[in-house]
Structures are given as C-alpha cells and as structure tokens.
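Start at 1 with the first residue, then count along the sequence.
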Amino acid sequence: MAAVAASSSARSAEQDALKALTFQRLHPKTYLERFLAENVRPDGRDLDEWRDVSVNVGSISTADGSALVRLGSTTVVCGVKAEIAEPELDRPLHGFLGALSRVWLAWATSEPNPPVPNLDLPAICSPKFKPGPPTDEAQVLSDRLNDVLASSGVVSTQSLCIEPGKAVWVLYVDATCINYDGNAFDAALLAMVAALKNTTLPKPTYHEETKRTVCSRKVREPLQMGRLPTAYSFGVFDGTHLLADPTSFEEPLLDTTVSVVIDESGGLTSVMQLGLGVIGADDVLNKCIDAATTCWRMTRKDIYAAS
C-alpha cells in the first residue's frame with residue numbers, strides 16, 4: 001500500500017510540474033507576475049538576490065591569458081591572444097585591443113569591422129540563438145563591453161607600445177558563452193577583465209638594424225592593468241519590480257535593463273540602460289547603484305584577486 005501511495009504521489013507531482021511548465025510557456029508574463037506578487041522569483045531567489053559567481057583563470061593553455069566565469073548557470077570563457085603589428089600613423093605610441101573573430105569577419109565580408117573585444121553567443125549555448133552570423137544581441141553586447149573596457153582604462157593602449165611608430169602589441173580578446181541563462185553582460189565583463197589580468201606577454205626587443213621585433217622564449221611580463229571593473233545588471237519589470245541579475249526567462253519580459261559598473265575600489269564607473277522602457281520611479285537608478293555597491297562590498301570586492 002505504501003509503495004502504491006508513493007507512486008501515486010510521484011505521478012501527481014510530475015503532472016503538477018508539467019502543468020506549471022506548460023503555463024509558464026503559454027503565459028510567461030502572468031507566470032512571473034504571480035511569483036513576484038509573493039516577493040519571490042521563479043528560481044527561488046529574492047528580488048534583490050544575486051546568483052553565485054566563480055572565476056577560474058588559466059583554463060586555456062594555448063592562450064596568453066584566459067578565464068572561465070560562471071554566473072549562476074551562465075558560463076562564459078574568454079581567451080586573450082597577442083601578436084605584433086605596426087601602429088596607426090596618427091597614434092604611433094598606442095597598441096590595440098581587438099577580436100580575432102571580427103578580423104576574420106572583416107576579411108570574409110570585405111567590410112570594415114572595428115577592432116573591439118568580442119562576445120560570441122553560439123547556438124550551442126541556448127535554443128534562442130541560431131547558427132549563422134553574429135546576432136544583433138551579440139553585437140550590442142560586444143559594443144557595450146568595449147565601451148566599458150575603454151572608458152575604464154583596464155589596459156592602457158600606450159602600455160602596449162614596443163617601439164614608437166614601429167611595433168606595438170595587438171591583444172585579441174574573444175569571449176564565448178557556452179551556457180546562457182541570462183545576464184551575459186556581467187559574466188562576459190568579468191571573464192574579459194580576469195583574462196586580461198591573467199595575460200603575460202613574452203619580453204620583446206626591437207632591432208633597428210633589421211626592423212624586426214624578437215621575443216624572449218623564457219621571460220614573460222604581465223600586462224600593466226588599470227582599473228578593474230565589474231558590472232551589476234538589474235531588470236525593471238512592469239515599471240515597479242526591480243530584479244537583480246535577471247535570468248534568460250526574465251529578460252524578454254523586462255521593460256528595460258540597467259547596468260551599473262563599479263571599479264576595484266568601489267568607485268562608480270558608468271551606468272547604462274538597455275532598452276526603450278521607461279523607468280517609473282525617480283529613485284530606481286539610486287536603488288540600482290546602492291544595491292550594486294552593496295553586492296560589490298559583500299561578495300565581489302576581491303573577485304579578481306586570484307587572477
């Protein structure tokens with residue numbers, strides 16, 4: 001009798017779970033509203049609760065620097081590869097931060113692509129992405145990441161100069177999302193900064209006689225790092241609910257997304273809004289900044305310490 005009762009209970013639980021999943025897919029907004037009415041989210045978190053984050057560096061042995069970041073179930077791997085090139089004529093003291101994938105795309109399409117760090121969202125990471133050229137979402141995220149890295153001064157391009165007007169380092173920063181569950185921007189920025197901080201370059205020597213640069217096989221030098229930014233993204237749902245670290249289920253339902261970027265000393269670097277939604281309350285931005293500062297102080301103050 002006990003076995004029959006247990007089997008019946010398990011079958012009933014499976015049916016209830018199937019009904020909930022069906023309702024979630026058919027009526028996602030109502031499904032989320034019912035959870036938020038109880039001040040809880042579908043994954044069990046509070047509205048202002050962040051998912052666990054981990055950073056592992058040196059995971060790609062063939063790269064000059066690399067990092068693997070997990071933010072909840074969202075997983076991003078980033079590799080940095082360096083090569084030597086001539087600087088631009090009007091910027092003889094500056095190196096470059098770029099992406100190998102964008103260089104290949106420029107060659108394949110014969111269209112100019114700016115040398116900016118790149119985030120790839122392949123079809124393997126989520127059913128929402130399809131095979132083919134980079135999606136609009138991936139390109140927007142890459143541009144946002146480049147804006148943060150450039151404005152924060154993570155790596156000074158002048159520190160990449162080997163010989164003024166003759167030779168500079170080009171750093172290709174490519175990140176790939178291997179599992180997508182929302183908030184790829186925060187995870188990708190963590191991965192890129194950690195990978196750059198993990199990067200070491202062979203010591204170069206420029207020979208004027210031969211016009212060539214020779215790199216040491218034994219001596220490697222770390223990059224000269226500037227500020228170390230971390231991002232904290234929030235979603236605004238229905239003009240009233242502020243959701244920290246939104247998931248892939250929550251993101252399509254949001255009115256807008258606000259990302260707060262904070263450096264390693266707790267200083268505010270930038271605040272960005274993605275989407276056309278209007279933020280209802282005037283104090284929403286202040287709440288986002290306060291919540292981001294609290295998260296940095298409590299859990300992410302030393303996030304780059306091991307890289």
**Request:** Search all heavy atoms of V148 against all heavy atoms of S270 and return the closest pair with its distance.
**Result:** CG2-OG, 4.5 Å

**Prompt:** Is any side-chain heavy atom of V214 closer than 4.5 Å to a side-chain heavy atom of H207?
**Reply:** yes

**Asked** Any side-chain heavy atom of V193 within less than 4.5 Å of one from C78?
**Response** no

**Request:** Kindly indicate whether the side chain of D186, heavy atoms from C-beta on, has any atom under 4.5 Å from the side chain of V69.
**Result:** no

**Prompt:** Is any side-chain heavy atom of V284 less than 4.5 Å from a side-chain heavy atom of N286?
**Reply:** no

**Item:** Side-chain cluster (under 4.5 Å, hydrophobic types only) that I60 belongs to, other residues
**Value:** L68, V77, I178

**Fill in**
Sorted by chain and number, sequence neighbours left out, ring pair (Phe, Tyr, Trp, His ring centres under 6.0 Å) with F237 holds for none

**P229 side chain near V154 side chain, heavy-atom distance below 4.5 Å** = yes

**Request:** With sequence neighbours excluded, give me every side chain to side chain donor-acceptor pair (under 3.5 Å) pair touching residues 212-231.
**Result:** D64-R220, T200-R220, R227-D263, R227-T269, T230-Y232

**Request:** Verify the neighbour count for atom CD of E38: are there more than 12 heavy atoms of other residues, nucleotides or ligands below 6.0 Å?
**Result:** no

**Item:** Side-chain heavy-atom pair V260, C288 within 4.5 angstrom cut-off
**Value:** yes

**Prompt:** Quick check: are there more than 12 heavy atoms from other residues, nucleotides or ligands sitting under 6.0 Å from CG of L89?
**Reply:** no

**Asked** Same hydrophobic cluster for F129 and F185, using side-chain heavy-atom links shorter than 4.5 Å among ILVMFWY?
**Response** yes

**Message:** Between T257 and Q273, is the side chain to side chain contact (heavy atoms under 4.5 Å, CB included) condition met? List the steps.
**Reply:** CA-CA 6 Å; T257 301; Q273 180 181 349; over 6 Å; no

**Message:** Show, in sequence, the C-alpha distance, side-chain angles and deciding distance for L71 and S54, and conclude whether the side chain to side chain contact (heavy atoms under 4.5 Å, CB included) test is met.
**Reply:** CA-CA 7 Å; L71 180 61; S54 65; over 6 Å; no

**Message:** Within the 3.5 Å criterion, strictly below it, is a donor on T74 or D181 matched to an acceptor on the partner's side chain?
**Reply:** no

**Message:** Using the side-chain contact (heavy atoms from CB on, under 4.5 Å) criterion, which residues pair with D46? Sequence neighbours excluded.
**Reply:** D48, E49

**Prompt:** Got a sec, which residues hit side-chain contact (heavy atoms from CB on, under 4.5 Å) with P164, two or more places apart in sequence or on another chain?
**Reply:** L93, C161

**Message:** What's the separation between atom CD in E250 and atom NE2 in H241, rounded to the nearest 0.5 Å?
**Reply:** 11.5 Å

**Item:** Between D143 and N146: side-chain donor-acceptor atoms closer than 3.5 Å
**Value:** no

**Prompt:** Among the clusters formed by ILVMFWY side chains lying less than 4.5 Å apart, do V57 and V53 turn up in the same one?
**Reply:** yes

**Minimum heavy-atom distance N118-S142, with the two atoms named** = OD1-OG, 3.6 Å

**Prompt:** What's the verdict on side chain to side chain contact (heavy atoms under 4.5 Å, CB included) for T22 and K19, showing C-alpha distance, side-chain angles and the deciding distance?
**Reply:** CA-CA 5 Å; T22 303; K19 290 179 181 178; 5.7 Å; no

**Message:** With a 4.5 Å cut-off on side-chain heavy atoms, are I262 and T293 touching?
**Reply:** yes

**Pairwise salt bridge (charged side-chain N to carboxylate O under 4.0 Å, His left out) hits with a residue in residues 122-140, at least two apart** = K128-E137

**Message:** Using the rule that Ile, Leu, Val, Met, Phe, Trp and Tyr join whenever any side-chain heavy atoms are under 4.5 Å apart, tell me whether V236 and L47 fall into a single cluster.
**Reply:** no

**Message:** For the residue pair S233 / S259, report whether a side-chain donor-acceptor contact shorter than 3.5 Å exists.
**Reply:** yes

**Complete:** d(D255 CG, T240 OG1) to nearest 0.5 Å is 8.5 Å

**Asked** Does the N198 side chain pair with the main chain of S66, one donor and one acceptor, at a distance under 3.5 Å?
**Response** yes

**Asked** Under a single-linkage definition using a 4.5 Å side-chain heavy-atom cutoff for Ile, Leu, Val, Met, Phe, Trp and Tyr, are L21 and L253 assigned to the same hydrophobic cluster?
**Response** no

**Item:** T256 side chain reached by L274 side chain, heavy atoms, under 4.5 Å
**Value:** no

**Prompt:** Who are the ring pair (Phe, Tyr, Trp, His ring centres under 6.0 Å) partners of H27, not counting sequence neighbours?
**Reply:** F23

**Heavy-atom pair of closest approach, residues L223 and L196** = CD1-O, 3.4 Å

**Prompt:** About how many Å separate CZ of R41 and CZ of F35, when rounded to the nearest 0.5 Å?
**Reply:** 12.0 Å

**Over all atoms of both residues, closest heavy-atom pair of Q158 and H94** = CG-CE1, 3.2 Å

**Message:** Is it true that, when you exclude L268 itself, more than 12 heavy atoms of the residues, nucleotides or ligands shown sit nearer than 6.0 Å to its CG?
**Reply:** yes

**Request:** Using ring pair (Phe, Tyr, Trp, His ring centres under 6.0 Å) as the criterion, list what pairs up with Y206, not counting sequence neighbours.
**Result:** none

**Prompt:** Can you list every side chain to side chain donor-acceptor pair (under 3.5 Å) pair that touches residues 160-171, not counting sequence neighbours?
**Reply:** none

**Complete:** Across all chains, not counting sequence neighbours, the ring pair (Phe, Tyr, Trp, His ring centres under 6.0 Å) partners of F234 are W50

**Asked** More than 12 heavy atoms of other residues, nucleotides or ligands under 6.0 Å from CZ of R70: is that the case?
**Response** no

**Asked** Is a side-chain donor-acceptor pair under 3.5 Å present for E264 with Y304?
**Response** no

**L32 reachable from L242 in the ILVMFWY side-chain graph, under 4.5 Å edges** = no

**Request:** Scan for salt bridge (charged side-chain N to carboxylate O under 4.0 Å, His left out) pairs involving residues 228-245, sequence neighbours excluded, and state none if there are none.
**Result:** R45-D245, R51-D245

**Residue pairs fulfilling salt bridge (charged side-chain N to carboxylate O under 4.0 Å, His left out) with at least one residue in residues 117-126, sequence neighbours excluded** = none

**Message:** Please report the interatomic distance OG(S126) to OH(Y180), rounded to the nearest 0.5 Å.
**Reply:** 7.5 Å

**Item:** Residue pair V168, F96: steps toward the side chain to side chain contact (heavy atoms under 4.5 Å, CB included) verdict
**Value:** CA-CA 8 Å; V168 296; F96 304 94; 3.9 Å; yes

**Message:** Would Y31 and F249 count as a ring-ring contact (aromatic ring centres under 6.0 Å, His included) here? Give the steps.
**Reply:** CA-CA 11 Å; Y31 182 85; F249 168 71; 5.8 Å; yes

**Prompt:** Between the side chain of K81 and the main-chain N/O of T62, is any donor-acceptor distance below 3.5 Å?
**Reply:** yes

**Fill in**
Looking only at heavy atoms, the pair that brings L121 and C177 closest together is CD2-CB, 3.7 Å

**Request:** Work out which heavy atom in A195 is nearest to a heavy atom in A67; give both atom names and the distance.
**Result:** N-CB, 3.7 Å

